Amino acid sequence: TGCMKSVDNEDQDKIEENDIEIRKYLADSITAVKQPAGYYFLKRKANPSGDSARIGESATVVRKAFLLNGTAVLSDTFSFPVWTDYATIVGLQLGVRQILTGEKASLYIPFHLGYGSTTVDKIPGYSPIRMEIELLSSLSEPEQIDKYINEKQIRVTERTSDNLVISRLDTLTAAPIGLGKTVNVKYVGRRLDGSKFGEGTVSVMTGSNNTIKGFDLGVQKLPAKGKALLIFPSTIGYGSAGNSDILGYTPLVFEVEVL
């Protein structure tokens, strides 16, 4: 929604209409500058000592959106992976890259960089919007994992060089499974926000790449009948592309039990 890749002739006409609407709204009283992509940007509060939102980090913003007639359509605190398709509207992705943490900006976004040609909640199709944003933070995946561990008070049993975190949920002392073994593993998969994306039982041949690397490496380190939390970044998960259920640059949490 809102991540439109191309436009037809009718949509091109609507883009031009949106631009006229935005310029009329801004008139001479607001000094927003049109950006190459087609939205307008105005920094409201500067913080030169802040940090930028880098590609692949999780940006957290306060956002408030309005139709150009002043109708409020959105107000929340929102986190999303920076510059990942379908994580949020393109206009917000572009705008957040122009500010630092602690800074505020106004974005004037045409429909093709916003919520598209169909009605979304309170936003009619083809609507330009004004969005007020403040960048609260932008965290790398290891920083996100550290925050999650601290907030959940998770006891870390082991952390590998590629940021696989293992928290053992058993007291077994048997040898780890290691490479080249086929085992059945019961699992529940979640994102760091707690939302569940999958559960079930899977047959894993360790070291064979028949599952994502973080999951495989974690299972290798457990004994038969072992239980653990496995927490790891997208570099050993679903990468920058993600899959149909998981956005790119998403750290994951698996609760696993080797059966």
Side-chain angles (χ1 to χ4, degrees), residues 1-5 22 26 30-66 74-115 128-151 159 161-163 165 191-193 195 214 231-242 246-253:
T1 62
C3 293
M4 301 175 65
K5 300 298 184 183
I22 292 171
L26 296 174
I30 303 176
T31 57
V33 176
K34 187 175 183 178
Q35 306 300 302
Y39 68 101
Y40 289 73
F41 174 86
L42 174 63
K43 186 175 290 188
R44 295 286 188 179
K45 177 186 175 183
N47 180 32
S49 63
D51 296 318
S52 62
R54 298 173 178 84
I55 292 175
E57 294 185 342
S58 177
T60 299
V61 298
V62 175
R63 59 179 182 170
K64 297 180 180 180
F66 306 84
L74 177 68
S75 180
D76 65 6
T77 299
F78 177 61
S79 297
F80 60 95
V82 177
W83 211 238
T84 297
D85 277 354
Y86 308 108
T88 187
I89 61 170
V90 174
L92 178 55
Q93 288 277 20
L94 292 168
V96 81
R97 299 287 309 282
Q98 291 186 262
I99 60 176
L100 305 177
T101 53
E103 294 190 333
K104 298 180 181 181
S106 298
L107 309 176
Y108 304 88
I109 304 172
F111 83 95
H112 68 294
L113 302 176
Y115 290 93
I129 60 169
R130 170 172 66 91
M131 184 173 285
E132 304 295 333
I133 63 170
E134 178 182 6
L135 180 57
L136 300 181
S137 65
S138 189
L139 301 179
S140 67
E141 291 188 60
E143 289 172 332
Q144 295 170 56
I145 289 171
D146 287 342
K147 181 181 178 184
Y148 178 83
I149 289 169
N150 290 334
E151 289 178 349
R159 187 168 194 157
S161 60
D162 45 15
N163 280 305
V165 174
R191 303 169 187 86
L192 296 189
D193 65 5
S195 58
I231 309 167
F232 50 87
S234 65
T235 49
I236 51 174
Y238 289 100
S240 60
I246 299 166
L247 293 171
Y249 300 112
T250 299
L252 302 176
V253 181

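Here the structure is a predicted model, which is why all the values come from computation and not from measurement.
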**Residues Gln93, Val82; criterion side-chain contact (heavy atoms from CB on, under 4.5 Å); working and verdict** = CA-CA 7 Å; Gln93 288 277 20; Val82 177; 4.2 Å; yes

**Item:** Gln35/Leu94 under side-chain contact (heavy atoms from CB on, under 4.5 Å): CA gap, chis, key distance, verdict
**Value:** CA-CA 10 Å; Gln35 306 300 302; Leu94 292 168; over 6 Å; no

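- For the atom pair CD1 of Ile129 and CD1 of Ile109, the computed distance is 4.5 Å after rounding to the nearest 0.5 Å.
- Here the CZ atom belonging to Arg191 is positioned 7.5 Å from the CG atom belonging to Leu247, to the nearest 0.5 angstrom.
- In terms of heavy-atom proximity, Pro48 sits nearest to Leu100 at O-CD1, 3.8 Å.
- Rounding to the nearest 0.5 Å places OH of Tyr108 at 10.0 Å from CD1 of Ile22.
- Annotation: side chain to side chain contact (heavy atoms under 4.5 Å, CB included) contacts of Ala105 (sequence neighbours excluded): Phe41, Ile99, Ile133.
- Every residue meeting the side chain to side chain contact (heavy atoms under 4.5 Å, CB included) condition with Ser79, not counting sequence neighbours, appears here in chain and number order: Ser58, Thr60.
- Contact annotation: the side chain of Phe232 never approaches that of Asn163 to less than 4.5 Å [non-hydrogen atoms, C-beta and beyond].
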**Step-by-step side-chain contact (heavy atoms from CB on, under 4.5 Å) determination, Thr235 to Tyr249** = CA-CA 8 Å; Thr235 49; Tyr249 300 112; over 6 Å; no

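- Judged purely by atom type and a 3.5 angstrom limit, Asp51 has no side-chain atom pairing as donor or acceptor with the backbone of Thr101.
- Once rounded to the nearest 0.5 Å, the distance linking CZ of Arg63 with CG of Leu136 reads 12.5 Å.
- Lys34 meets the side-chain hydrogen bond (donor to acceptor under 3.5 Å, both in side chains) test with Asp19; sequence neighbours excluded.
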Only pairs under 3.5 Å count here: list side-chain donor-acceptor contacts from residues 139-146, not counting sequence neighbours, and write none if there are none.
| from | atom 1 | to | atom 2 | distance (Å) |
| --- | --- | --- | --- | --- |
| Ser140 | OG | Glu143 | N | 3.3 |
| Ser140 | OG | Glu143 | OE1 | 3.3 |
| Glu141 | OE1 | Ser234 | N | 2.6 |
| Glu141 | OE1 | Ser234 | OG | 3.3 |
| Glu141 | OE2 | Ser234 | OG | 2.6 |
| Glu143 | OE1 | Ser140 | N | 2.8 |
| Gln144 | NE2 | Leu139 | O | 3.1 |
| Gln144 | NE2 | Ser140 | O | 3.4 |
| Asp146 | OD1 | Arg159 | NH1 | 2.6 |
| Asp146 | OD1 | Arg159 | NH2 | 3.1 |

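- Every residue was checked against the side-chain hydrogen bond (donor to acceptor under 3.5 Å, both in side chains) condition with Ser161, not counting sequence neighbours, and none meets it.
- Asp193 pairs by the salt bridge (charged side-chain N to carboxylate O under 4.0 Å, His left out) definition with nothing, not counting sequence neighbours.
- With sequence neighbours excluded, the residues forming a side-chain hydrogen bond (donor to acceptor under 3.5 Å, both in side chains) with Ser138 are Glu57, listed by chain and number.
- Phe80 meets the ring-ring contact (aromatic ring centres under 6.0 Å, His included) test with Phe78; sequence neighbours excluded.
- Note that CG of Leu26 is 8.5 Å distant from CG of Leu42, once rounded to the nearest 0.5 Å.
- Taking Glu132 as the reference, Ser106, Arg130 meet the side-chain hydrogen bond (donor to acceptor under 3.5 Å, both in side chains) condition, with sequence neighbours excluded.
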**Request:** Show your reasoning for whether side-chain contact (heavy atoms from CB on, under 4.5 Å) applies to Leu113 and Ile89.
**Result:** CA-CA 6 Å; Leu113 302 176; Ile89 61 170; over 6 Å; no

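- For residues 97-110, the salt bridge (Lys or Arg N to Asp or Glu O under 4.0 Å) pairs, not counting sequence neighbours, are Lys43-Glu103.
- Applying the ring-ring contact (aromatic ring centres under 6.0 Å, His included) test to Tyr39 and every residue at least two apart in sequence or in another chain returns nothing.
- Applying the side chain to side chain contact (heavy atoms under 4.5 Å, CB included) criterion to Ser75, with sequence neighbours excluded, gives Lys64.
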